[in-house]
Structure formats: structure tokens, C-alpha cells
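Remember, it's 1-based here, ligands and their atoms both numbered in the order they're listed.
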Amino acid sequence: MPIGSNFIRPEIAGLEPYTPILPLDVLATRLGLPIEQLVKLDANENPYGPSPRALAAMAGGHRPMVHIYPDPEHTRLRAALADYTGQPVERILCGAGADELIDLILRLCIAPGDTVIDCPPTFGMYSFDTSVNGGRVATVVRRPDFSLDLEGIERAVAATGAKILFLTAPNNPTGNLLPPADLERLLQLPLLVVVDEAYVEFAGVGQGFGAQVGQYENLAVLRTFSKWAGLAGLRVGYGLLPEWLAAQLWKIKQPYNVSVAAQEAAIASLADREHLLANVARIVAERERLLPLLAELPFLRPIPSAANFILCRVEGRSARELKLALERQGVLLRHYSTPLLRDYVRVSIGTPAQSEALLASLQALAT
Ligand SMILES: *Cc1c(COP(=O)(O)O)cnc(C)c1O
């Protein structure tokens, strides 16, 4: 071990390195395919891209101010979000993606050895950031239908004194909703419940659990512009938070965490929400069209979803081999190596043309 290793926090030194996703141009070169030919259905990105008004706002718009530091309080963006969510600006805090807010909440609450409850299969960042922050992850696996094991969570809280429970609604990658009665029951537990609503716009539930923030001391909701607003590359998300949590997070957030470009694009997106929500409706319609077509393939069992992706169980063949065979044809899906998801692939919903390319490749593999 090099001497420098002595300076590393032991909980970090013991972590497995994170496997990053390959940039599209690198992957295209590796596959020997032109980049325009790739059908990218692996990261739940928006196939219709951002609002033209967001692009114009970033290009200069009415405030060409990239030489000036961004507003650390995100004043205009929070006002626009108050209008969009119905929550007061005092309960809103923005981050460089919802991912930054997950990390900030953990940095705020978790001392080394404290416990966080994670309910896989779910989004990987909760357990990743818990480990980075020196916390312990208590895992309560979902039931076979991917609903939450409520008794298991209650037992884990009693046994560990956990401080935070992360839930995702709709869940990624399984696509199922969180029943309001389940959340209501879990909010009785003595811990902070963070509900990640990254996909709420696709779920047809209005403002979802975001509307209930403020009614409970221990409910926080996370949102993002990455999926519905097509701004994944800009990194902008927000929390709807009880006042006590917002006040403490303000103390530790980096002042300039959301760039000028990201703030302007997010504000313009909210002003152009009708256009963006029409794209969301097209994605939802495509999801409903694609589900029965995927079910026709003898080796796929697609699971109904309330988000912009469909998880499919792969039967009678290897899910990983299927993912790699599609990749060689330029169709990119998500596969997970974790034991709970080894037999699944996740298909992000693209345009109808992208679905046709996917179906053609799948049918070619069926014969
Ligand atoms: C995509 C995703 C995020 C990431 O949001 P960013 O704003 O891009 O950081 C957060 N939570 C879930 C469940 C996601 O799927």
C-alpha cells in the first residue's frame, strides 16, 4: 500500500470503486457504429430533449451572465417551483441534481455508524452515499411483487435505531407506485422518510407526495429536472422539505451548487411546462403501447410501470447476454449485476421509432 493510503478514511478505503457509464461517443467507437445510430434506452433520459425555451435561456436569453456567480439562494427558480408545486419557497432547496440532495441529507444526518434503511431493488445512490458518509445500510428487500415489506422495515428501525428511510415513488427500476397508506404507516416511525419522486410527472398522480410535505415533521420529497424536463446533463433537482430540515441543509450546501445555465434552463422549463408535459404524455402513451408488444416476445415478461421505463424479466436465457446482444446492434438497455436484478433488463421509453428499432432487434434474437 502506498503511504498516502494512511490518510484515507477507512470507510472509503474499503469501498468498491464506482463503475461509471461509458460516454456515448466512446461506446459508438467501441461498437463500430455511428453515434446517431445508437438507440439509447439505458438511463431514463428524455428522448424529446429539453424545452427550446430552456436552450434559448442558456444561450443568453435576457441575462447573459455566466461570468457572474449564480444566485446561491436560487431565488427566481424557487419562486417558479413554489408556483409549480404549491409549496412555499421556505420549504424548497435546489441542488445539482436530486443526487446532490441525497448526499447532502446524509452528510447532515449521518454520523459514522448511524443506520439508513434501503429497500432494494431500488435506486443505487441511497446505499452508495450512505457508505461514502460512513453510515451503515440496513437492507429490507421488497416483496416478490416489489411492494415494501412494511413489517420488515418496522423491525429494522426498532433493531437499529435507523435515522433515515429512503423510498422511491414510482420506484426505479421496478416502476411500481408507493401506496399512500404504506407511506402513512411508515411516517409513524421515529425517523426521517425521504421519498424520491424523480418520476412523479410520469405517474399521473399530480404533485404526488410532494403535496403532503409540511403536514408531517419527518417527510421530505426529492425531485429532478433530469427526466420530465430533459435536463439530465445540466444537473438540477430540488427538495420539498420540512422547515427544520431546509434550515439545516442551507448551512452545509455549497453556495454555488446550481450553475447559472442550470438555473436559467430550469426556470424556462417551468415557464414552458405545457410543452414539456405534452412530451411526458407522449412518453406515457408510448409506454402503454410498448408494454404488450414486449410481452409478445417469448423470453420477456414486462412489468407494468408508472414511470418512463419498463423492467422486464428475462426468461429462458441470460439477461446479461441479451443486453450485450442488443448492444452489438446499437440498442442500449440497462442490466444490473446485483443478485436481485440479475434476470432483468430495464428499457427506458424512447420515441415510437426507437421502440420499433428495439422490437426489430428483439424479434431478430427470438428466431
Ligand atoms: C434518475 C434518478 C435520480 C437522479 O436525479 P438527478 O437529478 O439527475 O441527480 C434520482 N432518483 C432516482 C430514483 C432516479 O432514478
Taking side-chain contact (heavy atoms from CB on, under 4.5 Å) as the test, write out the residues that go with P112, two or more places apart.
none
Of F202, Y48, Y84, the residue whose pairing with W228 passes ring pair (Phe, Tyr, Trp, His ring centres under 6.0 Å):
Y84
When the ring centroid of W244 is compared with that of Y216, is the distance short of 6.0 Å?
no
Got a list of side-chain donor-acceptor pairs under 3.5 Å for residues 161-182, not counting sequence neighbours?
unit_1 : atom_1 : unit_2 : atom_2 : d
K163   : NZ     : C109   : O      : 2.9
K163   : NZ     : D114   : OD2    : 2.7
T168   : OG1    : T122   : OG1    : 3.1
T168   : OG1    : Y126   : OH     : 2.8
N171   : OD1    : T122   : OG1    : 2.7
N171   : ND2    : P121   : O      : 2.8
N171   : ND2    : T174   : OG1    : 2.8
N172   : OD1    : R346   : NH1    : 2.8
N172   : ND2    : Y199   : OH     : 3.4
T174   : OG1    : N176   : OD1    : 2.4
N176   : ND2    : F146   : O      : 2.9

State which residues pass side-chain hydrogen bond (donor to acceptor under 3.5 Å, both in side chains) with D25; sequence neighbours excluded, sorted by chain then number.
none
Pair E356 + R289: basic N to acidic O under 4.0 Å:
yes
Close-range residues for ligand 1, whose non-hydrogen atoms fall below the 4.0 Å threshold
G97, A98, D99, F123, Y126, T168, N172, D196, A198, Y199, T224, S226, K227, R235
